[in-house]
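This report concerns only the one structure given below.
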Amino acid sequence: MEIIIQPTAEAATKIASRLVAKLINEKPAAVLGLATGGTMENLYRELVAQKLNWSKLTTFNLDEYVGLSPQHPQSYHSFMWENLFRHVNIAIKSVNIPDGLAKDIPAACENYERKISAASGLDIQLLGIGTDGHIGFNEPTSSFASRTRIKTLTPQTLADNARFFGNESAVPHHVITMGIGTILESRHCVLLAFGKNKAHAVAGMVEGAITAMNPASALQWHPKVTVFLDEASASELKMQEYYRWVYDQKPDWQKI
Ligand code: PGA
């Protein structure tokens, strides 16, 4: 796992955007796994500013709330159109986001997995992390072998996401999310986490035991993970000086 600690979230987000831009420039028909949440807003703003060519890309989003229509202002469909898709030249048919209104949710989930496979898998998967260690909406105790499916949010996540809905009672309790098994099959996982409230989950993910109680710790099994942190989210890492040293020593060819 490569840990990149920057003085600010802005600085870390800029470097992360260069990593994504490099993939888009080198592989115009790449398959991107996208994420939502406050952390991603600035990353998408940076990517939009780079005026990249999105015309041949295919995207798959991690998750969606069950019961919200694509037009609902808090749906992840709306988030993606507002923050990214309406600003770039992506083909609408190449955008995939789980359908929160699917009548047959298990069938829709299976179909989503089939589409990812048919697209030859994900070249990159962007990830945030929940304060409880969730990736996608794989809450604690999610199976590391899980695939796209329906999940129930924890009270912690409902409270964390209440800020987007105005109040906690408006946050849907169910979601469709790619599984941890799905995420682990992407060729490169890129996780961004900023702020003191993420420090505990980040420390568990990077330096803790691999446990379903911190779903992000499953990433320790993945051969290629890049984690972008600010000082606050890195503050509980025991080996942070080592990670900084490694980053400073990077040979030119490895620099992002
Ligand atoms: P956030 O969410 O970016 O809004 O903090 C991250 C997540 O829950 O994955």
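Atoms within a ligand are numbered from 1 in the order they appear, just like the ligands themselves.
Protein heavy atom in closest approach to atom 3 (O) of ligand 1: Thr39 OG1, 2.5 Å. His134 NE2, 3.5 Å is the protein heavy atom nearest to atom 7 (C) of ligand 1.
Heavy atoms of Met40 stay at 4.0 angstrom or farther from ligand 1.
Between the side chains of Ser17 and Gln50, a donor-acceptor pair is found at a separation under 3.5 Å.
Taking each of Asn197, Ile129, Asn161 in turn, the one with a heavy atom nearest to atom 9 (O) of ligand 1 proves to be Ile129. Between Glu41, Lys198, Arg163, it is Lys198 that holds the heavy atom closest to atom 5 (O) of ligand 1.
Two rings, from Phe228 and Phe194, have their centers 6.0 Å or more apart. Annotation: Tyr65 is in aromatic contact with Phe137 [ring centroid separation under 6.0 Å].
Taking the six-membered ring for Trp and thresholds of 30 and 60 degrees, Tyr76 and Phe79 have ring planes more than 60 degrees apart, a perpendicular arrangement.
When heavy-atom distances to ligand 1 are checked against a 4.0 Å cut-off, Leu127 has no atom that comes that close, whether in backbone or side chain.
Between Arg147 and Glu185 there is a salt bridge, since at least one side-chain N of the basic residue sits less than 4.0 Å from a carboxylate O of the acidic one.
Here's the thing with Thr36: none of its N/O atoms is less than 3.5 angstrom from an N/O atom of ligand 1.
Atoms of ligand 1 lying under 4.0 Å from at least one heavy atom of Gly38, given by number and element, are 1 (P), 3 (O), 4 (O). Interface of Gly37 with ligand 1, defined as ligand atoms under 4.0 Å from a residue heavy atom, comprises 3 (O), 4 (O).
Residues Pro172 and Val66 fail the side-chain proximity criterion, which asks for heavy atoms closer than 4.5 Å.
Here the shortest heavy-atom pairing between Pro70 and Leu101 reads CD-CD1, 4.2 Å.
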